[in-house]
Amino acid sequence: MTYLSITQNDRSITLHSINHWNIYHLKAIDKELSELLKKINNRSIVWDVSGIESFDSAGVILFRQYYHTFQQKHTVEIIGYNDKQKRMYKLLELHSKNSTITIKTPNIFHRIGKATLKSLEGGKELLEFLGQTTMAFGQSLLSPSKIRFKEISYYIHISGINALPIVALTAFLVGLVIAYQSAVQLAKFGADIFIVDMIGISITRELAPMITAIVIAGRSGSSYTAQIGAMKITQEINAMKTMGFDPYYFLVLPRIFALIVAMPLLIFFADIVGIFGGMVVANLELGISFEQFIHRLQSALSPTHYLIGILKAPFFAVIIAIISTYRGFQVSSNTQSIGYYTTKSVVNSIFFVIVCDALFSIFFTGLGI
Amino acid sequence: MSVVSMRNIVTSFGEKVIHDGINLTIEAGEIYGILGESGAGKTLLIQEMIMLLQPTSGEIEVLGYNLNTITYQEAQALRQKWGILFQFGALYSSLNVAQNIAIAISEYTQTPQKLINQIVATKLNMVGLSPDVASLYPAQLSGGMIKRVALARALAMDPKLLFLDEPTSGLDPIGARDFDKLIVELRNLLDITIVIITHDLDSIFSIIDRFSILADKKVVAQGTLKEVLATQHPFIERFFKNDYVLGRYVHKDSPKPTPHHL
């Protein structure tokens with residue numbers, strides 16, 4: 001489709017605009033006009049726009065652009081316009097005076113500097129957050145009436161009780177997998193019964209706490225970050241501050257307390273289900289009956305292992321709750337940052353849970369427990 | 001020719017009935033107002049016109065398409081013919097101002113970037129913003145600026161039909177009047193039909209050609225200002241026949257504001 005038909009002689013060139021001069025055709029029109037630009041050669045231009053079937057503001061903007069380009073070197077006469085086209089042109093002329101936008105794209109130094117400042121700022125914010133949370137925590141312990149028990153029970157329900165099925169399933173499967181792997185090895189030595197020691201100690205001491213923490217970080221940590229982030233975007237947090245509801249008492253502490261309460265219970269639950277998973281495999285693969293298994297477990301599994309597992313719970317709980325609420329408060333006012341900080345929250349939580357677990361291992365090995 | 005027509009629209013959520021038999025017709029080229037108390041379902045009515053919400057029963061026709069029988073392709077074509085200014089702007093927060101305005105152009109057409117920039121600059125100018133804001137993100141804008149950018153985005157493709165949900169709320173009075181002027185100018189130049197939800201008395205008395213009043217789940221009055229004022233209804237009594245409105249707009253000594261026509 002062409003948008004210009006041209007009649008020309010030695011001294012002048014006449015452009016007849018035809019067809020639709022609207023946004024869907026701009027690319028082709030632009031191409032035709034820019035090609036024409038090379039062929040004018042010092043002739044005067046007559047531009048007849050009477051043949052245009054339809055036009056819109058984008059078409060007129062393009063027209064205006066070329067009109068001005070032509071005018072720089074040639075004499076241009078526009079003919080055949082109607083009143084509507086004229087008024088549209090005038091309106092757009094009025095609004096197109098300084099009609100270029102510049103999108104600033106920062107260079108590499110700008111970006112490095114900005115990222116550095118941002119991470120320094122983030123460190124400062126983290127310190128402030130930790131300080132405020134510790135203050136609020138201490139004051140809550142001194143005057144327990146400040147503790148929001150209703151919120152705490154709500155979060156225990158949401159993050160603890162509702163997580164039981166997924167914790168159970170994961171723990172059961174992990175118990176199953178460990179038991180299968182060790183059953184094959186132990187059977188080679190005829191040391192079948194030691195599967196009980198293997199399962200009992202590894203589940204209670206390491207695996208159940210770790211699995212539970214990872215599930216909770218993914219499940220509740222992410223939701224804490226997203227909730228608080230969304231509240232920040234909708235200015236709910238500002239509203240709370242102005243009404244005197246300290247976000248640390250209303251949003252942060254209830255989540256921390258709730259996880260501190262829920263986590264040990266979830267780990268205890270995961271212990272039972274994980275050992276049960278191992279028990280099933282021991283029965284199917286090695287023919288150890290449930291009675292034998294439990295009998296052996298009583299002598300093989302000393303309470304220390306179980307207690308060490310439970311002891312990790314409050315540490316993991318605090319790590320997950322603090323990181324996820326802190327990341328929630330970092331959300332700035334656009335929707336993308338919710339996704340960004342939720343990802344960060346989960347990744348950081350899992351990472352620091354593993355770091356913490358490693359420290360415990362070193363510590364307890366050093367103590368010889 | 002009617003651009004939007006709604007016949008016997010019923011909207012209900014469970015037991016709660018919002019619209020109970022709404023009928024209205026919007027003609028080509030007019031600025032049509034929808035007025036009513038908070039909670040009367042004005043925004044819902046617009047959402048039904050723009051296919052965000054399916055009415056419980058009834059028929060809607062927009063630009064010749066029956067929304068009950070519209071195909072996916074037709075719906076996509078229809079969506080390029082209208083522009084919508086949401087009540088709170090609804091700008092894409094991850095895109096900057098220029099990208100927000102240009103998004104429909106760059107998605108649906110092959111317009112070169114240089115020209116897109118020029119179109120964006122012109123639209124920004126039209127809504128009274130300087131081209132400097134182009135690289136800002138919605139989070140960096142004030143409420144009034146968000147409204148203006150949202151209008152520029154709604155106008156980007158030269159729509160045939162423009163829906164404005166409370167366009168002047170949150171603007172200063174001077175800005176609001178400029179906005180009104182711009183709307184009339186655009187209607188006159190671009191043959192746009194404009195559907196507008198507003199509580200702004202200045203807008204109602206100066207730019208709106210015809211409007212309908214939503215109350216008691218129905219359209220209780222429809223027509224020009226004069227026709228509506230002649231209708232008896234408690235909402236009309238309360239909204240228009242109070243001392244403030246009578247003194248300021250109706251019995252004014254200076255020339256009465258009349259709807260701007262072509």
Side-chain angles (χ1 to χ4, degrees), chain A residues 20-31 33-34 54-66 68-69 82-106 229-230 232-235 331-340, chain B residues 77 80-81 88 90-99 101-102 104-141 152 155-160 182 185-186 188-192 262:
Chain A
H20 301 279
W21 280 53
N22 62 32
I23 189 130
Y24 295 100
H25 306 274
L26 275 198
K27 192 184 178 192
I29 302 173
D30 187 40
K31 206 173 147 215
L33 280 167
S34 62
S54 75
F55 66 97
D56 64 3
S57 58
V60 177
I61 289 171
L62 183 75
F63 169 86
R64 177 188 167 278
Q65 188 195 330
Y66 276 95
H68 284 269
T69 316
N82 58 32
D83 184 48
K84 213 175 118 187
Q85 286 162 337
K86 189 179 164 188
R87 278 191 300 158
M88 171 89 95
Y89 181 84
K90 275 193 174 162
L91 175 79
L92 293 172
E93 178 72 37
L94 182 71
H95 291 299
S96 301
K97 286 210 179 90
N98 43 359
S99 69
T100 38
I101 50 169
T102 43
I103 306 290
K104 294 157 204 146
T105 37
K232 220 183 150 196
I233 289 185
T234 55
Q235 294 195 314
V331 168
S332 59
S333 45
N334 71 62
T335 44
Q336 259 189 343
S337 71
I338 292 192
Y340 177 77
Chain B
Q80 290 181 41
K81 290 182 192 160
F88 303 106
L91 298 178
Y92 301 115
S93 59
S94 55
L95 303 180
N96 65 27
V97 166
Q99 288 165 334
I101 296 173
I105 303 177
S106 42
E107 281 297 319
Y108 290 124
T109 74
Q110 273 106 45
T111 313
Q113 188 59 42
K114 205 179 116 229
L115 246 130
I116 291 184
N117 285 352
Q118 227 162 26
I119 294 170
V120 168
T122 312
K123 304 276 159 167
L124 275 175
N125 242 310
M126 270 191 187
V127 297
L129 289 172
S130 113
D132 298 340
V133 303
S135 48
L136 297 181
Y137 283 84
Q140 298 165 290
L141 303 176
L155 289 173
M157 296 275 281
D158 279 10
K160 292 272 153 279
L182 177 70
E185 203 172 45
L186 290 170
N188 294 349
L189 278 174
L190 305 173
D191 296 328
I192 311 182
L262 274 167

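Numbers restart at 1 for each chain; the letters A, B, ... are given by sequence-line order, proteins then strands. Side chains are part of it too, since the values below use all heavy atoms of this structure and drop only hydrogens, waters and symmetry mates.
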Tabulate below the donor-acceptor pairs under 3.5 Å that side-chain atoms of residues 129-138 of chain B make, not counting sequence neighbours, or state none.
residue : atom : partner : partner atom : Å
S130(B) : OG   : D132(B) : N            : 2.9
S130(B) : OG   : D132(B) : OD2          : 3.4

Check: Q336(A) and Y92(B) side chains under 4.5 Å, non-hydrogen atoms
no
So, for K27(A) and P112(B), which heavy atoms are closest and what is the spacing to 0.1 Å?
CA-CD, 4.1 Å
Are more than 12 heavy atoms, taken from residues, nucleotides or ligands other than E107(B), located less than 6.0 Å from that residue's CD atom?
no
With only heavy atoms counted, which part of Q85(A) is less than 4.5 Å from chain B, the side chain, the backbone, both or neither?
neither
Sequence neighbours excluded, the answer for salt bridge (charged side-chain N to carboxylate O under 4.0 Å, His left out) partners of E185(B) is none
Find the distance between NZ (K84(A)) and CG (D191(B)) and round it off to the nearest 0.5 Å.
3.5 Å
Is there side-chain contact between D158(B) and I23(A), with at least one heavy-atom pair below 4.5 Å?
no
pair I119(B)-L26(A): side-chain heavy atoms closer than 4.5 Å
yes
To the nearest 0.5 Å, tell me how far M88(A) CE sits from N188(B) CG.
12.0 Å
Any non-hydrogen side-chain atom of L92(A) less than 4.5 Å from a side-chain atom of M126(B)?
yes
Quick one: do K114(B) and D30(A) make a salt bridge, cutoff under 4.0 Å?
no
How long is the span from the CG atom in D56(A) to the NZ atom in K160(B), to the nearest 0.5 Å?
8.0 Å
Within 6.0 Å of CD in Q140(B), more than 12 heavy atoms from elsewhere
yes
